[in-house]
Amino acid sequence: MNFSDFDKLADEIRSCQATLVAVSKTRPASELMPFIQHGQLDFGENYVQELIEKHEAVKQQVNWHFIGHLQRNKVKQIVPFVYLIQGVDSLKLLTEIGAQSVKCEKTTPVLLQVHIADEETKFGVSPDEISSWVDTFGAQPIPGVEIRGLMGMATLTGNEQQITAEFKGLRKLFDAVKNSVKGKQGFDFNILSMGMTSDYRIALAEGSTMVRIGSAIFGSRG
């Protein structure tokens, strides 16, 4: 993508008061550098080792978002520098993030991943479980962790009505949780991360505050 097209995309997203996370998985650090120099600072990675390698190669202050499925035994490798962990789908993972963050004397922002798609292969907590999660965390916050919002991925389908319904449901859940945690310790609940290259416009229309776009920026991954 040339910078003219990138700026149009970024402006479109910014006009909806949303943040653009450029999903750079499988792309070498050298492909990120022109975008960083152009002012794009939020990048999403799915794999721990690849994220570490890029963090070390870039050597500039960027906001690294971990958007993949994170294993507990790898948390300590990214906590020292990660900006936002978007895919927290278990209380054990949340506890481990907290423990490793305390060791680093930092607080790590996270999003709870909600399973909204009609696909078993996608990770996430069921919408029905989120309220009990939030109640548990609210009653006993985990040191080193701050829950910033929710993340979800819609079904990979051409059925826009289905995608809209899934995003609409996640927005409704987000609003309900936001109201319930207002003023509670351990929460700064203002991020709704939903929408990718194929469906980001639907997500923005349904209230997304953060979209994760890869192939529209870097091209297909083959």
Side-chain angles (χ1 to χ4, degrees), residues 18-25 41-48 50-52 55 62-116 122-153 170-171 173-196 203 207-212:
T19 299
L20 167 60
V21 177
V23 179
S24 47
K25 65 178 182 179
L41 298 180
D42 291 276
F43 291 89
E45 291 289 334
N46 283 54
Y47 307 107
V48 168
E50 187 177 350
L51 172 57
I52 293 169
H55 170 67
V62 300
N63 301 328
W64 294 111
H65 298 244
F66 191 80
I67 61 175
H69 183 62
L70 181 59
Q71 296 174 311
R72 279 183 287 154
N73 63 350
K74 294 186 177 181
V75 168
K76 62 183 178 182
Q77 296 176 261
I78 66 171
V79 156
F81 65 87
V82 74
Y83 177 77
L84 178 64
I85 296 176
Q86 292 206 25
V88 175
D89 58 0
S90 78
L91 287 172
K92 289 182 178 179
L93 175 59
L94 197 62
T95 300
E96 181 64 18
I97 294 170
Q100 295 301 329
S101 299
V102 169
K103 289 180 182 179
C104 295
E105 299 183 345
K106 68 171 287 192
T107 297
T108 300
V110 304
L111 303 181
L112 305 181
Q113 183 171 354
V114 185
H115 188 281
I116 61 172
K122 286 188 168 68
F123 294 98
V125 185
S126 74
D128 292 339
E129 291 180 286
I130 284 292
S131 59
S132 63
W133 266 52
V134 169
D135 289 344
T136 299
F137 186 86
Q140 191 171 1
I142 297 171
V145 172
E146 184 175 65
I147 298 180
R148 296 293 310 279
L150 304 179
M151 183 267 260
M153 291 182 283
L170 185 56
R171 171 61 189 271
L173 178 63
F174 171 81
D175 288 341
V177 174
K178 185 175 182 178
N179 287 331
S180 72
V181 302
K182 194 171 296 181
K184 289 187 178 181
Q185 183 182 351
F187 295 92
D188 184 10
F189 209 85
N190 55 21
I191 299 175
L192 177 56
S193 177
M194 60 184 192
M196 300 185 290
S208 175
T209 69
M210 182 175 284
V211 295
R212 310 174 303 274

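Contact between Phe187 and Glu146 at its shortest, heavy atoms only, is C-CG, 4.3 Å. When all heavy atoms are compared, the tightest approach of Met194 to Ser208 is O-OG, 2.7 Å. When every heavy atom of Met153 is checked against every heavy atom of Ile116, the shortest pair comes out as O-CG1, 3.3 Å. Closest approach of Pro127 to Val114, counting heavy atoms only: CG-CG1, 3.8 Å.
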Would you please test Leu84 and Asn63 for side-chain contact (heavy atoms from CB on, under 4.5 Å) and show each step?
-> CA-CA 8 Å; Leu84 178 64; Asn63 301 328; over 6 Å; no
Please report the C-alpha distance between Met210 and His65 in whole Å, then the side-chain angles of each, then the deciding distance to 0.1 Å, and finally whether the side-chain contact (heavy atoms from CB on, under 4.5 Å) criterion is met.
-> CA-CA 11 Å; Met210 182 175 284; His65 298 244; 3.9 Å; yes
Taking it one step at a time, do Val110 and Leu94 satisfy side-chain contact (heavy atoms from CB on, under 4.5 Å)?
-> CA-CA 8 Å; Val110 304; Leu94 197 62; 3.8 Å; yes
Derivation and outcome, side-chain contact (heavy atoms from CB on, under 4.5 Å), residues Val181 and Ile147 | CA-CA 10 Å; Val181 302; Ile147 298 180; over 6 Å; no
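In this structure, Phe174 CZ and Ile130 CD1 are separated by 12.0 Å, a value rounded to the nearest 0.5 Å. A distance of 10.5 Å separates CD1 in Ile67 from CG in Leu51, rounded to the nearest 0.5 Å. Rounded to the nearest 0.5 Å, atoms NZ (Lys184) and CG (Asp135) are 6.0 Å apart.
Side-chain atoms of Arg72 do not come within 3.5 Å of backbone N or O of Leu93 as any donor-acceptor pair. Judged by distance alone, the side chain of Lys106 and the main-chain N or O of Val79 form a donor-acceptor pair under 3.5 Å. The main-chain N or O of Thr107 is never found under 3.5 Å from a side-chain atom of Ser101 such that the two would form a donor-acceptor pair. Side-chain atoms of Arg212 do not come within 3.5 Å of backbone N or O of Val23 as any donor-acceptor pair.
The number of heavy atoms from other shown groups lying within 6.0 Å of OH (Tyr83) does not exceed 12.
Under the 4.5 Å side-chain criterion, counting only non-hydrogen atoms from C-beta, His55 is not in contact with Glu45. Within the 4.5 Å cutoff, the side chain of Leu112 has no heavy atoms near those of the Met151 side chain.
Using a 30° and 60° split on the angle between ring planes, Phe43 and Trp64 fall in the tilted class, from 30° to 60°.
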